[in-house]
Amino acid sequence: MEKIAVIGSGYVGLVAGTCLSDFGREIVCVDNNKQKIQDLKKGIIPIYEPGLSNLVERNVYYKRLSFTTDIQRAVEESEVIFIAVGTPAADDGSADLQYVLQVAKDIATYMNGYKVIVDKSTVPIGTGQKVKKVVQEILDERGVDYKFDVVSNPEFLREGSAIHDFTHPDRVIIGSESEKAEKIMKDVYRVLYLNETPFVMTNIETAEMIKYASNAFLAMKITYINEVANLCEKVGANVQHVAKAMGKDGRISPKFLHAGPGYGGSCFPKDTKALASIAREHEEVISLIETTVDANRRQKLKMVEKIKNAVGNLEGKTLGILGITFKPKTDDMREAPSLTILTELAKFGAKLKIFDPEGKKEGTWRLSHIKENIEFCSNEYEACESTDGLVIITEWHQFRNMNLERLKDTMKDYYFFDLRNIYERELVEEKGFKYCGVGI
């Protein structure tokens with residue numbers, strides 16, 4: 001097989017390209033950001049993802065992985081071309097396809113023979129047909145008759161465990177209209193095919209829908225347990241016990257049944273809004289997803305109410321904030337619950353001392369609108385020093401087993417807001433803290 005091109009060297013493109021190169025394929029990752037490509041050539045990785053740096057280094061060393069800004073050469077030398085650029089949410093919640101369609105135009109401009117064009121980005125249902133149309137229009141303008149196929153191959157990577165997810169997927173989805181393209185895609189993923197990973201072969205529109213339906217369902221599951229947690233607080237039930245018992249039911253499973261401050265990140269918020277937007281566009285009611293989006297926004301605000309109700313007037317109070325990324329093992333703060341929670345706390349006059357193992361770089365600019373109220377600290381103990389309480393927003397492993405005596409000795413007051421339920425109430429209260437979890 002010829003070289004494979006991955007256009008877009010952000011989170012999805014870089015992980016996919018690197019993992020495919022580790023499968024023994026020759027991969028060229030393309031990006032129009034010159035600085036990013038220069039950094040990648042030097043081994044500087046633009047994202048924090050455990051294990052990725054070593055994997056990039058190894059495959060660059062063996063000359064299976066390279067980086068370029070030259071899209072023309074990448075297209076000309078590759079038979080399979082992945083589109084892995086961003087699809088940010090527009091103001092109405094719909095996915096913005098301008099980058100995907102621009103790449104499709106670029107591919108068509110430089111095509112020199114048969115190509116398989118693979119939508120790896122999360123795209124609305126119907127995008128594959130739009131890409132096909134754009135490519136054909138450019139080929140017609142050029143007066144050439146190169147054959148090509150468009151394939152939908154959505155990714156299901158979780159930040160923090162993306163390499164494992166790519167190399168050990170639950171399933172590989174391939175949406176295609178051509179047996180030739182299907183055969184080529186099976187060859188791309190030959191390592192997984194030989195390992196008997198389930199392959200779902202379907203049409204393009206179904207593959208696109210599978211991605212949105214999967215993410216929206218998981219977001220809905222998180223929101224469901226969060227709403228159950230809120231009710232548990234009112235009736236004296238324990239949501240952790242409820243979730244554990246529910247998870248024992250094979251029809252439900254224990255995954256994504258952890259109460260907390262709401263979901264965030266690059267996928268769930270964007271994909272739920274996009275699916276709702278697609279439904280509205282087709283005059284269909286998808287009320288569960290609309291409600292999920294609203295309920296998730298409310299959940300973040302409920303955390304602020306929880307803190308305010310316990311502490312009282314927040315003016316002049318100082319809180320230690322532990323974790324601001326949307327989840328552990330990533331530096332990503334897109335749609336993180338912390339953004340809403342900290343902004344609201346600052347509005348009420350609270351001073352915020354923040355520590356996150358990987359969040360300072362992104363947090364500095366994402367929270368610049370409340371910079372007068374925040375201070376970044378070098379560890380969890382410094383963040384809690386001279387504070388009226390601490391708030392765990394992201395459940396980094398190092399926050400799970402803190403020295404509570406050491407914390408208490410340096411704090412002014414002892415509110416302990418555990419928004420991820422990673423501590424046992426009895427243990428924390430024994431040490432003299434005023435514990436407050438979610439649904440327990």
Side-chain angles (χ1 to χ4, degrees), residues 160 229 233 238-240 258-262 300 302-331 333 336-346 348-361 363-364 367 370 373-440:
E233 288 181 15
N238 184 315
V239 76
Q240 285 184 305
H258 302 286
K300 296 173 186 179
K302 268 190 173 290
M303 300 302 104
V304 179
E305 280 176 36
K306 186 186 288 288
I307 294 165
K308 196 163 170 288
N309 290 343
V311 178
N313 184 3
L314 288 171
E315 188 68 47
K317 297 285 173 66
T318 304
L319 297 170
I321 305 297
L322 303 184
I324 54 173
T325 55
F326 90 92
K327 65 182 283 190
K329 297 197 286 187
T330 181
D331 57 355
M333 283 186 65
S338 62
L339 296 173
T340 299
I341 293 168
L342 300 194
T343 298
E344 292 299 312
L345 291 173
F348 290 114
K351 298 292 181 187
L352 309 167
K353 296 178 69 178
I354 301 168
F355 172 68
D356 185 291
E358 294 294 335
K360 183 178 178 181
K361 184 179 176 185
T364 301
L367 295 169
I370 55 167
N373 293 68
I374 64 175
E375 171 194 347
F376 283 94
C377 300
S378 57
N379 60 57
E380 54 268 43
Y381 298 101
E382 185 189 330
C384 295
E385 198 174 310
S386 303
T387 60
D388 296 283
L390 65 89
V391 186
I392 300 171
I393 301 179
T394 312
E395 67 278 31
W396 285 89
H397 282 323
Q398 67 200 74
F399 300 155
R400 291 175 179 271
N401 196 28
M402 294 184 289
N403 183 327
L404 298 183
E405 280 102 348
R406 180 180 170 188
L407 279 175
K408 189 165 180 288
D409 283 348
T410 66
M411 290 170 69
K412 286 191 298 184
D413 205 346
Y414 310 114
Y415 290 100
F416 194 109
F417 297 101
D418 180 8
L419 304 189
R420 295 290 180 174
N421 294 343
I422 58 176
Y423 280 85
E424 291 177 23
R425 176 189 291 277
E426 293 76 13
L427 175 71
V428 175
E429 289 182 342
E430 254 176 38
K431 304 293 184 184
F433 289 94
K434 305 164 191 174
Y435 182 85
C436 189
V438 179
I440 54 177

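We number each residue from 1, following the sequence as shown.
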Using atom types as modelled and distance alone, determine if a side-chain donor or acceptor of Lys408 lies under 3.5 Å from a backbone N or O of Phe433.
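Not a single qualifying donor-acceptor pair exists.
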Within a radius of less than 6.0 Å around [atom1] of [X], do more than 12 heavy atoms belonging to other residues, nucleotides or ligands occur?
{"X": "Lys412", "atom1": "NZ", "value": "yes"}
{"X": "Glu424", "atom1": "CD", "value": "no"}
{"X": "Asn401", "atom1": "CG", "value": "no"}

Looking only at heavy atoms, what is the nearest atom pair of [X] and [Y], with distance?
{"X": "Thr394", "Y": "Ile324", "value": "OG1-N, 3.4 Å"}
{"X": "Leu322", "Y": "Cys384", "value": "CD2-SG, 4.2 Å"}
{"X": "Arg425", "Y": "Tyr435", "value": "NH1-O, 3.5 Å"}
{"X": "Thr330", "Y": "Glu358", "value": "O-CB, 3.9 Å"}
{"X": "Ala383", "Y": "Cys377", "value": "CA-SG, 3.7 Å"}
{"X": "Ile341", "Y": "Pro261", "value": "CD1-CB, 4.0 Å"}

With side chains defined as the heavy atoms from C-beta onward, is the minimum distance between [X] and [Y] less than 4.5 Å?
{"X": "Leu352", "Y": "Leu367", "value": "no"}
{"X": "Thr410", "Y": "Tyr381", "value": "no"}
{"X": "Ile440", "Y": "Asp418", "value": "no"}
{"X": "Asn421", "Y": "His258", "value": "no"}
{"X": "Pro328", "Y": "His397", "value": "no"}
{"X": "Ile307", "Y": "Tyr415", "value": "no"}

Distance, nearest 0.5 Å, that separates [atom1] of [X] from [atom2] of [Y]:
{"X": "Met303", "Y": "Ser338", "atom1": "CE", "atom2": "OG", "value": "13.5 Å"}
{"X": "Asp388", "Y": "Leu314", "atom1": "CG", "atom2": "CG", "value": "9.0 Å"}
{"X": "Ile374", "Y": "Leu319", "atom1": "CD1", "atom2": "CG", "value": "13.5 Å"}
{"X": "Leu419", "Y": "Ile393", "atom1": "CG", "atom2": "CD1", "value": "6.0 Å"}
{"X": "Lys353", "Y": "Glu385", "atom1": "NZ", "atom2": "CD", "value": "5.0 Å"}
{"X": "Met411", "Y": "Leu407", "atom1": "CE", "atom2": "CG", "value": "6.5 Å"}

Do Lys306 and Glu233 meet the salt-bridge criterion of a basic N to acidic O distance under 4.0 Å?
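Here Glu233 pairs with Lys306 in a salt bridge, since their nearest N and O are under 4.0 Å apart.
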Can you tell whether the side chains of Lys431 and Glu405 come within less than 4.0 Å, N to carboxylate O?
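Judged by the 4.0 Å cut-off on N to carboxylate O distance, Lys431 and Glu405 do form a salt bridge.
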Does Pro357 have any side chain to side chain contact (heavy atoms under 4.5 Å, CB included) partners at least two apart in sequence or in another chain, and if so, which?
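So Pro357 forms a side chain to side chain contact (heavy atoms under 4.5 Å, CB included) with Phe355, Trp396, Gln398, Phe399.
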Decide if the gap between the ring center of Phe416 and the ring center of Tyr423 is smaller than 6.0 angstrom.
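So the answer is yes for these two rings.
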